[in-house]
Amino acid sequence: MKTEISAAGSASAEIDKELEIARAKNDMSKGSTTDQARAELAEKAAASSAGDRLRAKLAMGTTEQK
């Protein structure tokens, strides 16, 4: 029983190690922290712009119905 628990613990540790390696590779594939910050800002700006356009369309729709 102890051998099986020990083997399961070893397998779990190996899985955790592989997961951390995969996460690190994923983070490195995103570029430098500056590149990531720029991409995040661009994404937020695009979302904000889309929201502004949607609000403008909704506002135009409410004035036409009155």
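With sequence neighbours excluded, the residues forming a side-chain contact (heavy atoms from CB on, under 4.5 Å) with T34 are S32, R38, listed by chain and number.
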Show me, pair by pair, the donor-acceptor contacts under 3.5 angstrom made by side chains of residues 43-54, not counting sequence neighbours?
unit_1 : atom_1 : unit_2 : atom_2 : d
K44    : NZ     : E40    : OE2    : 3.2
S49    : OG     : R53    : NH1    : 2.9
D52    : OD1    : R55    : NH2    : 2.6

Please report, to 0.1 Å, the donor-acceptor pairs under 3.5 Å made by any side chain of residues 15-31, with sequence neighbours excluded.
unit_1 : atom_1 : unit_2 : atom_2 : d
E20    : OE2    : R23    : NH1    : 3.1
S29    : OG     : N26    : O      : 2.7

